[in-house]
Protein chains: 2
Amino acid sequence: MVGMTDTRWLDDEEQRTWRAFVAFSRLLSEAMERQLHRDEGLPFSYYLILAMLSEAPGRSLTMTELASVVRASPSRMSHAVNKLQANGWVIRSRHPEDRRAIIASLTDEGMAVVEKAAPGHVGEVRRLVFDRLTPEQRESFDDILSTLLVGLDPDAPICPDTPVCPTDPEPPSALCPDDDIDECQSPADDCQAPPDDSDCDAA
Amino acid sequence: MVGMTDTRWLDDEEQRTWRAFVAFSRLLSEAMERQLHRDEGLPFSYYLILAMLSEAPGRSLTMTELASVVRASPSRMSHAVNKLQANGWVIRSRHPEDRRAIIASLTDEGMAVVEKAAPGHVGEVRRLVFDRLTPEQRESFDDILSTLLVGLDPDAPICPDTPVCPTDPEPPSALCPDDDIDECQSPADDCQAPPDDSDCDAA
DNA sequence: GATCAATCATTGAAACTTCAAGTACGATGG
DNA sequence: CCATCGTACTTGAAGTTTCAATGATTGATC
C-alpha cells in the first residue's frame, strides 16, 4: 500500500482553531519583530539571545547552551553571534575545560541594549497578550502550552514550579533587567561542580 | 518624556506563559517546516499559498487577496509567486476589470502538489496538536486565540466560514488576456463548484 | 596508546523575508 | 483634460535562516 488513503482530516472546529493559531502566530511574531526593529533595530531572535545571556550566570553561556535556550540551530547561533559580536554586544572566549566549546558573554554594551529594549518589548507583550486575557484564560493558555510542549520538546524542562535556582531570592528576568549582577566578564566561571545544569529557562 | 520608568513587568506566571508560547511557537513552526520540506520540498509559507488558492473560487485570487489571506506582505507574495510560477504551480493573469490587479491561479500541477502534501501536513498537525488536547482544551484554545486575534488583526475575519467572495459577485468570465506581456494559459476555469472541494487543506 | 564515533562549533551557498524604491493604473477634484 | 493621490504590484539589495560540508576536540573502545 503505497498511499494512505484514510487521512483523518480536521473537522470544522479543529480547522478553525488551527487557522486561528497560524494567523495568531504570524501576526504576533510580526508585531514583535516590528516593534523591536522600529525601536531598537533588532530582530526578535537577536533580542532573545541577548536577553537569555543577560540572565545567565556570569552573563555567559556556551554556544550550545545558548542554542538550546533559544531553540535555535547551532548554525543560526553562530551566524547570529557573529553579528552581535560585530556590534560589540557579545564576545567569544574559549571554554577552559572543554576546548571544543566557545563561551559567549554579554558585554556591558550588550547589557545596555537589553535594558533599553526590554520595556518596549514587555509593553508590547502585555498590550497584545496579557492585557486581553482573563486570569482564567491565561491559566488555560499556560496549561495548553505546557501540554503541547511536551510533545514538541522531549528534553525541555517545562520547569513547572520548580524553582530555577534553589537560592534565588529575586525573580531573575531578562525582561526585567537587574543591575546588581556581579560582573563576571571572565568566562572562566565557577559553579561547575555538579553535573546538573544550572538553569532551566523555558524560553 | 524620555524614559518610561514605570514599566509593568511580567509576573512569574505571565513570564512562564510567555516563554512557553515563544518556545511552542518556534518548535511547532519548525516541525511544520521540517515535515513539509522533507516530504515535499516546500516551505510552509508556500504550501499555505497553494492551499488557500486551492480553496478559492476558480482557484484564483488577486495578489492582494492572497497576501491578505495568508497574512503576508505584498513583496513577499510577489517573490513567492515568482517561485511558484517558475515551478509551474501558479500562473498570473491580468484582472479584466482592474488592470492594476494580477490574478494568481493554481494550475493543475499546483493542485496536485497540494493534494499530495495535504495528508502529511494534516497528519503532523493532528499528531502534534489535536491528538494531545482534550476537547475542553481545544475549545479553550480556540477561545483564547479568537480573543487575541481581535487585538492583532482589526480588519481580519476570523473567518469561521466566511469565504472571500460569498457568492462571487462577478465571476471572472474573462480572466484572460491582455496581450501585453501576459500569457494567459488557461486560468479560465469559471468553476463555481469544483467537484468537491471538501478536502481540507488544514492550514 | 591508536582508533572511531560523537560532540562543539564554524563556514559558504542557497533560500526566504524585509526594506526601500519604483512602475502602472484608477479615482478624485479642479 | 490633467494634476494629484491612493492602490496594486514588482524589483533589487540587504538581512536572516537553512542546508551541507568541514575542522577541531573529547570520550569510549580495543
Side-chain angles (χ1 to χ4, degrees), chain A residues 26-27 29-38 40-49 60-87 90-104 155 187 195 197, chain B residues 25-27 29-38 40-49 60-87 90-104 155 178 180-182:
Chain A
R26 301 200 144 204
L27 289 168
S29 83
E30 262 168 41
M32 291 302 159
E33 298 279 1
R34 204 160 34 237
Q35 181 270 322
L36 276 169
H37 187 273
R38 169 169 40 79
E40 316 292 339
L42 205 59
F44 182 51
S45 314
Y46 289 16
Y47 171 77
L48 212 50
I49 294 171
S60 298
L61 287 175
T62 288
M63 293 298 282
T64 299
E65 291 169 335
L66 203 43
S68 160
V69 170
V70 307
R71 284 167 245 248
S73 68
S75 172
R76 181 155 145 191
M77 198 43 72
S78 199
H79 285 295
V81 169
N82 281 344
K83 180 84 179 196
L84 294 174
Q85 189 169 30
N87 287 351
V90 167
I91 57 174
R92 277 188 246 236
S93 53
R94 196 160 282 289
H95 192 292
E97 297 174 4
D98 183 343
R99 297 158 67 113
R100 294 169 299 182
I102 295 283
I103 295 175
D155 48 28
D197 70 26
Chain B
S25 186
R26 302 200 143 204
L27 289 169
S29 84
E30 262 168 44
M32 291 301 157
E33 298 280 0
R34 203 160 34 238
Q35 182 270 321
L36 277 170
H37 188 274
R38 168 169 42 77
E40 315 293 339
L42 204 59
F44 181 50
S45 316
Y46 289 16
Y47 171 76
L48 211 49
I49 294 171
S60 299
L61 287 175
T62 290
M63 293 297 283
T64 300
E65 292 170 336
L66 202 44
S68 160
V69 171
V70 309
R71 284 165 247 244
S73 69
S75 171
R76 181 155 146 191
M77 198 43 72
S78 198
H79 286 295
V81 170
N82 281 345
K83 179 84 180 198
L84 295 174
Q85 189 169 27
N87 288 351
V90 167
I91 58 173
R92 277 187 248 235
S93 54
R94 197 163 284 288
H95 192 291
E97 297 175 3
D98 183 345
R99 308 184 17 146
R100 293 169 299 181
I102 297 283
I103 295 176
D155 47 26
D178 215 59
D180 273 64
I181 316 162
D182 273 324

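So that the names make sense, note that chain A is the first sequence line, chain B the second, and so on, each numbered from 1.
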So, the side chain of [X] versus the backbone of [Y]: is there a donor-acceptor pair under 3.5 Å, distance only?
X: A:Arg94; Y: A:Arg99; answer: yes
X: A:Thr62; Y: A:Glu65; answer: no
X: B:Glu33; Y: B:Phe44; answer: yes

Counting heavy atoms not belonging to A:Arg92, are there more than 12 under 6.0 Å from its CZ? yes
Under 4.0 Å: is that the gap between some side-chain N or O of [X] and OP1 or OP2 of [N]?
X: A:Ser45; N: D:dT17; result: yes
X: B:Asn82; N: D:dT11; result: yes
X: A:Arg94; N: C:dC8; result: no

Take the protein atom [atom1] of [X] and the nucleotide atom [atom2] of [N], then report the distance between them rounded to whole Å.
X: B:Glu97; N: D:dT7; atom1: CD; atom2: C1'; answer: 16 Å
X: A:His95; N: C:dT7; atom1: NE2; atom2: C1'; answer: 13 Å
X: A:Glu33; N: C:dC19; atom1: CD; atom2: P; answer: 9 Å
X: B:Phe44; N: D:dT18; atom1: CZ; atom2: C1'; answer: 18 Å
X: B:Leu36; N: D:dT18; atom1: CG; atom2: C1'; answer: 15 Å

Nearest to side-chain heavy atoms of [X], which nucleotide of [options]:
X: B:Tyr46; options: C:dT17, D:dT10, C:dC25; value: C:dT17
X: A:Ala101; options: D:dT10, C:dA9, D:dC19; value: C:dA9
X: A:Glu30; options: C:dT18, C:dG26, C:dC8; value: C:dT18
X: B:Ile102; options: D:dT16, D:dA8, D:dT10; value: D:dT10
X: A:Ser75; options: C:dT17, C:dT11, C:dA9; value: C:dT11

Once you round to the nearest 0.5 Å, how far does OG of B:Ser78 lie from NZ of B:Lys83? 14.5 Å
Nearest 0.5 Å, please: how far is CG in B:Leu48 from CG in B:Leu42? 10.5 Å
Both A:Met77 and B:Lys83 contact DNA chain C. Taking the nearest nucleotide for each, which residue is further toward the 5' end? A:Met77
Comparing A:Thr64 and B:Ala72 on DNA chain C - which has the more 5′ nearest nucleotide: A:Thr64
Indicate, with a heavy-atom threshold strictly under 4.0 Å, whether B:Arg34 touches base, sugar-phosphate, or nothing. nothing
Applying a 4.0 Å non-hydrogen cut-off, can you work out what A:Pro74 is touching in the nucleic acid: base, sugar-phosphate, or nothing? base
If you assign A:Arg99 and A:Ser73 each to the DNA chain D nucleotide with the nearest heavy atom, which residue ends up on the more 5' nucleotide? A:Ser73
Of A:Arg76 and A:Asp98, the one whose nearest nucleotide on DNA chain D sits closer to the 5' end is A:Arg76
Polar side-chain contact B:His79-D:dG12 base: donor and acceptor under 3.5 Å: yes
Flag the pair B:Glu40 / B:Tyr47 as yes when at least one side-chain heavy-atom distance between them is below 4.5 Å, and no otherwise. no
Between B:Ser45 and A:Arg26, a side-chain donor and acceptor under 3.5 Å: yes
Table of protein N/O atoms under 3.5 Å from nucleotides 2-6 of chain D N/O atoms:
unit_1, atom_1, unit_2, atom_2, d
D:dG6, N2, B:Arg100, NH1, 3.0

